[in-house]
Colleague: 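Below you'll find the structure I mean.
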Amino acid sequence: MNRILVSRQLRARAPQTALSWFTSLNISRSIHGVPFATVEVEEISGSQPAEVLNLVQGKWKNTNRWNTILDPLNGEPFIRVCEVDETGIQPFVESLSKCPKHGLHNPFKAPERYLMLGDISAKAGHMLSLPKVSDFFTRLIQRVAPKSYHQASGEVYVTQKFLENFSSDQVRFLARSFGVPGNHLGQQSHGFRWPYGPVAIITPFNFPLEIPVLQLMGALYMGNKPVLKVDSKVSIVMEQMMRLLHYCGLPTEDVDFINSDGQAMNKLLLEGNPRMTLFTGSSRVADKLAGDLKGRVKLEDAGFDWKILGPDVHEEDYVAWVCDQDAYACSGQKCSAQSMLFIHENWSKTSLLSKMKDLAERRNLEDLTIGPVLTFTTEAMLEHKNKLLQIPGSKVLFGGEPLTNHSIPPVYGAIEPTAIFVPLEEILKDKNYELVTREIFGPFQIVTDYKNDQLPLVLDALERMHAHLTAAVVSNDPLFLQEVIGNTVNGTTYAGLRARTTGAPQNHWFGPAGDPRGAGIGTPEAIKLVWSCHREIIYDVGPLPKQWKTPPST
Ligand SMILES: N[C@@H](CCC=O)C(=O)O
């Protein structure tokens, strides 16, 4: 009933142009089915594998090279991804080269595309708000990047809200320019946001929908033509989302979608010469790309994200719960996951650690509140634990054992939510620092404590880190907050009693700081910074002063 009411209201309010889309959308299908989808989420299995295609120059294409993806929960070969190898990149190179440096649109060219993309975003946001569609993507995400329903649907929700944010005129407002009066009559300078033209986007496995959609749409909004590559393990989600975007009116030629290994992609980047490449993923690959592409990159790379509990102790249950979510939701596979926790001595009188242990032990495979780790094997994580335990004074606070009673294939990892205590003085020793601050992309965190007069040591530990993505300063003491914030750099830092490291929504900047190559995601500022550059047009149209004569040379 409600949905019918909503659709009636939407019809009543929709302006004429949008009305045709709402009318053409088969309302009953949009409620009872998923009209753009080519897969049935629950049916994907070893006996009925799903197939993922590539999109180039407006056409969905397959190749004869299939990469078989194993179901992370039972090891069945359940998805076949059609991958382009080094010999197959030519159509993608050609497609990129069709887009000039000044882009598909800019403030002086095809401005109606800003409006078109606003309309597409409105429609796509509306589609994701339909329970059937949101449930479709949530369950599809769960199949390939196992996380709880709540976590997966959060990703869909952030994507929906982002699309809604950039509906209607909001895309053209991104390209807002400014003017400054000149020195004489007829002169004025104007600053514009200019596209890069052909661009590339490479995104990881952990947020199969949120990261690629937010970056892809940002790239399009500013006038670029992107080629998008998502980690093949999860690219089925974005393949389906591309179909949704086409359904909502995105011209099929506007984005190319490629599945390939790193080598073929590298070749495409070198030959296709995108003017900018956005990479989200490991620091190792990020640094290689920065070199190969001569710096024409923006990066959201690793984060060894930290949280400091300050001297003021309150809301112990809440703080314990946020620690548990930050360290172990999505099995710790968020770039924002809490990797290190510094606890002020005042918390030692509380039962914070035992509460964190209880919360960690509630997690289970059944509802995917803990699940497979896609980039570290169980052995690799246990080996890391054992190395840490050789440091004097270190100990397992909880976890540290492999998960049991499961059929997660051995190529993936499966361990309990784990916390290892390492004394602060030991962390700071040169021989230990690198080991302790190694990012384990799994349910694994380091815990330490500090005395009131040891804050400078904590700040020293933070200064020595090499990636500065998220951070949390859990305190309502303004002087403490000032001290920590003033002496650190993390790009997305939460401050206050409710501070967290994860769960960045679409309404605030998310990205690293302290690196000129750092990218952002989500907000208008992030989109403008990553996906456009500044261009200044200085109008100088005269007239010349009446008595003007050629002056002496200078
Ligand atoms: N919303 C996610 C970040 C997405 C990454 O770019 C988080 O907060 O972990």
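Note that ligands are numbered from 1 as they come in the structure, with each ligand's atoms numbered from 1 the same way.
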Colleague: By number and element, which atoms of ligand 1 are closer than 4.0 Å to a non-hydrogen atom of Gly503?
Modeller: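 Listed by number with element, the hits are 7 (C), 8 (O).
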Colleague: Can Lys233 be said to sit on top of Phe205's aromatic six-ring, NZ or CZ under 6.0 Å from centre and within 45° of the ring axis?
Modeller: yes
Colleague: Cationic tip of Lys147 within the cone over Phe207's six-membered ring, i.e. under 6.0 Å and within 45° of the normal?
Modeller: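 Yes, Lys147 and Phe207 form such a contact.
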Colleague: With respect to atom 9 (O) of ligand 1, which of Cys335, Ala329, Ser336, Gly303 exhibits the smallest heavy-atom separation?
Modeller: Ser336
Colleague: Quick one: look at Glu155 and ligand 1, take heavy-atom pairs under 4.0 Å, and tell me if it's side chain, backbone, both or neither.
Modeller: neither
Colleague: So is Ile521 polar-close to ligand 1, meaning N/O to N/O under 3.5 Å?
Modeller: no
Colleague: Looking at Phe78, I'd like to know if the NZ or CZ of Arg143 sits under 6.0 Å from its six-membered ring centre while staying within 45 degrees of the ring's axis.
Modeller: no
Colleague: Hey, are Asp254 and Arg113 close enough for a salt bridge, meaning a charged N less than 4.0 Å from a carboxylate O?
Modeller: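 Salt bridge present between Asp254 and Arg113.
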Colleague: For Arg296, give me all partners under side-chain hydrogen bond (donor to acceptor under 3.5 Å, both in side chains), at least two apart in sequence or on another chain.
Modeller: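 Arg296: side-chain hydrogen bond (donor to acceptor under 3.5 Å, both in side chains) contacts with Asn273.
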Colleague: Would you say Glu210 has any N or O atom under 3.5 Å from an N or O of ligand 1, going by distance alone?
Modeller: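 Yes - when backbone and side-chain N and O of Glu210 are compared with those of ligand 1, one distance drops under 3.5 Å.
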Colleague: Using a strict threshold of under 4.0 Å (side-chain N to carboxylate O), is an ion pair present between Asp292 and Lys288?
Modeller: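 Here Lys288 pairs with Asp292 in a salt bridge, since their nearest N and O are under 4.0 Å apart.
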Colleague: Enumerate the atoms of ligand 1 whose separation from the nearest heavy atom of Phe207 is less than 4.0 angstrom.
Modeller: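 By the 4.0 Å cutoff, the relevant atoms are 2 (C), 7 (C), 9 (O).
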Colleague: May I ask you to identify the nearest protein heavy atom to atom 8 (O) of ligand 1, giving residue, atom name and distance to one decimal place in Å?
Modeller: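 Here the closest protein heavy atom is Ala504 N, 2.6 Å.
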Colleague: Could you list which atoms of ligand 1 come closer than 4.0 Å to a heavy atom of Lys334?
Modeller: 9 (O)
Colleague: If you measure every N/O of Phe510 against every N/O of ligand 1, is any gap under 3.5 Å?
Modeller: no
Colleague: Taking side chain as C-beta onward, heavy atoms only, is Val158 less than 4.5 Å from Leu209?
Modeller: no
Colleague: Is there a side-chain contact between Val436 and Met340, using heavy atoms and a 4.5 Å cut-off?
Modeller: yes
Colleague: Considering heavy atoms of the protein only, find what lies nearest to atom 6 (O) of ligand 1 and give residue, atom and distance to 0.1 Å.
Modeller: Glu300 OE1, 3.1 Å
Colleague: As an exercise, identify every atom of ligand 1 less than 4.0 angstrom from a heavy atom of Ile211.
Modeller: 5 (C), 6 (O)
